[in-house]
Amino acid sequence: MTDHDLSIVVEGLRKKYGAKQALDGLDLAVRTGTVHAVLGPNGAGKTTAVRILATLLRPDKGRVEVAGLDARARSREVRSRIGLLGQHAAVDEKLSGRQNLEMFGRLYRLGARGARARAQELLDRFGLADTGTKAVEQYSGGMRRRLDLAASLIAAPGVLFLDEPTTGLDPRGRTEVWNSVRSLVDGGTTVLLTTQYLEEADQLADRISVIDHGKVIADGTADELKASTGGDRIDVVLRDPAQLARAALLVPGDPVIDADRRMVSAAVGDRIIALTETVRALSDNGIDAEDIAIRRPTLDEVFLHLTKEHAA
Ligand SMILES: Nc1ncnc2c1ncn2[C@@H]1O[C@H](COP(=O)(O)OP(=O)(O)OP(=O)(O)O)[C@@H](O)[C@H]1O
Ligand SMILES: [Mg+2]
């Protein structure tokens, strides 16, 4: 892969706020036309990275290239090729969705007619045409976020930055935004999104960079990350929750109890051996299982594993 195929390149990015090292040698490479998730907990440096990429903040050190351009030296040109959906929205509450989009269009010098046409196109695309005259303060969370997304696309950017696009949304709002992002990517836009939701990265991203304390601690596809924690897990669901503690002593590995789901779960090496041993041990001890399943780890488990490993 050459840099030519990459819409975003970040190397050794560093940024300090006073004594706080927010970015500590961050590296990223995002292929053109793909979705890349930057996944990390509160304070990991996600917004700082996005603001630097969007040329709103200057880094202390490091290489930043967006759409083939040095983002530090050619910030104006970079700005004309990107869209940004900030963590906190920039739309005007009192105006309607249509008015907001037309206003953004005029800011981008599309002209009155151009701005009107672009607003209509985006309202249609994000399923907001019917609500186009309602003030934004009356929108649901999902509708607002879709409007934010529409606003970030006014200038038809090739590269789009989404900083926690679904934080605070209910599952339905989240699904709406996900579908909107998917349709963008089908149209060829390169997307870098930040998220604290593993499921979001799993759903949307071609590749994921897990960051903590301002640097990447793991990256790959969701599948690669899941495989990297040492493979499969076994879930044993019991009929009688009173037997959970005893079952936990019998399941191989280092099991955890999930009382709400009447479940004991553990990482396993060889799946067949683990399954056979578990079935035998439970039956020898008179413990009745409702379900036993071998499965791959969830990204949540991967994330916990990685951040624990990184802290150690
Ligand atoms: N303007 C600022 N002045 C001082 N410290 C800051 C500033 N902005 C961010 N920080 C600190 O830098 C670190 C990274 O912050 P950043 O906002 O990039 O994290 P984040 O991953 O976006 O977090 P969140 O998930 O909460 O949005 C945090 O420790 C934060 O407190
Ligand atoms: Mg943030």
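Both counts, for ligands and for their atoms, begin at 1 and track the order of listing.
To the nearest 0.5 angstrom, I294 atom CD1 is 8.5 Å from D235 atom CG.
R174 forms a cation-pi arrangement with Y197, by the criterion of a distance under 6.0 Å to the ring centre and an angle within 45° of the ring axis.
Contact record, P157 with G83: CB-N, 3.3 Å, taken as the closest heavy-atom pair.
Atom CZ of R295 has more than 12 neighbouring heavy atoms from other residues, nucleotides or ligands inside a 6.0 Å radius.
Side-chain contact between V191 and F161: absent, with no pair of heavy atoms (C-beta onward) separated by less than 4.5 Å. Looking only at side-chain heavy atoms (C-beta outward), R63 and V9 come within less than 4.5 Å of each other.
When the heavy atoms of K15, K16, K46, Q21 are ranked by distance to atom 25 (O) of ligand 1, first place goes to K46. When the heavy-atom distances from atom 15 (O) of ligand 1 to I211, T167, T48, D163 are ranked, the shortest goes to T48. Between the choices T194, V50, N42, the shortest heavy-atom distance to atom 26 (O) of ligand 1 belongs to N42. Here the shortest heavy-atom distance to atom 19 (O) of ligand 1, taken over G45, P41, A49, belongs to G45.
The single protein non-hydrogen atom nearest to atom 29 (O) of ligand 1 is K20 CE, 3.1 Å, given as residue, atom name and distance. For atom 17 (O) of ligand 1, the closest heavy atom belonging to the protein is T47 CB, 3.7 Å. Of the protein's non-hydrogen atoms, the one nearest atom 2 (C) of ligand 1 is Y17 CD2, 3.5 Å.
Checked by atom type, the side-chain pair R207/T221 shows no donor-acceptor distance below 3.5 Å.
Checking only distances, G43 does come within under 3.5 Å of ligand 1, N or O to N or O.
Under a 4.0 angstrom heavy-atom cut-off, G40 registers as lying outside contact with ligand 1. Heavy atoms of R51 stay at 4.0 angstrom or farther from ligand 1.
The backbone N or O of D5 sits less than 3.5 Å from a side-chain atom of T32, completing a donor-acceptor pair. Side-chain atoms of R72 come within 3.5 Å of backbone N or O of G62 as a donor-acceptor pair.
In the vicinity of A22, heavy-atom distances shorter than 4.0 Å reach the ligand 1 atoms 12 (O), 13 (C), 14 (C). Ligand 1 places these atoms under 4.0 Å from at least one heavy atom of Q196: 25 (O).
Backbone or side-chain N, O or S atoms of N42 do not reach the Mg ion (ligand 2) at under 2.8 Å.
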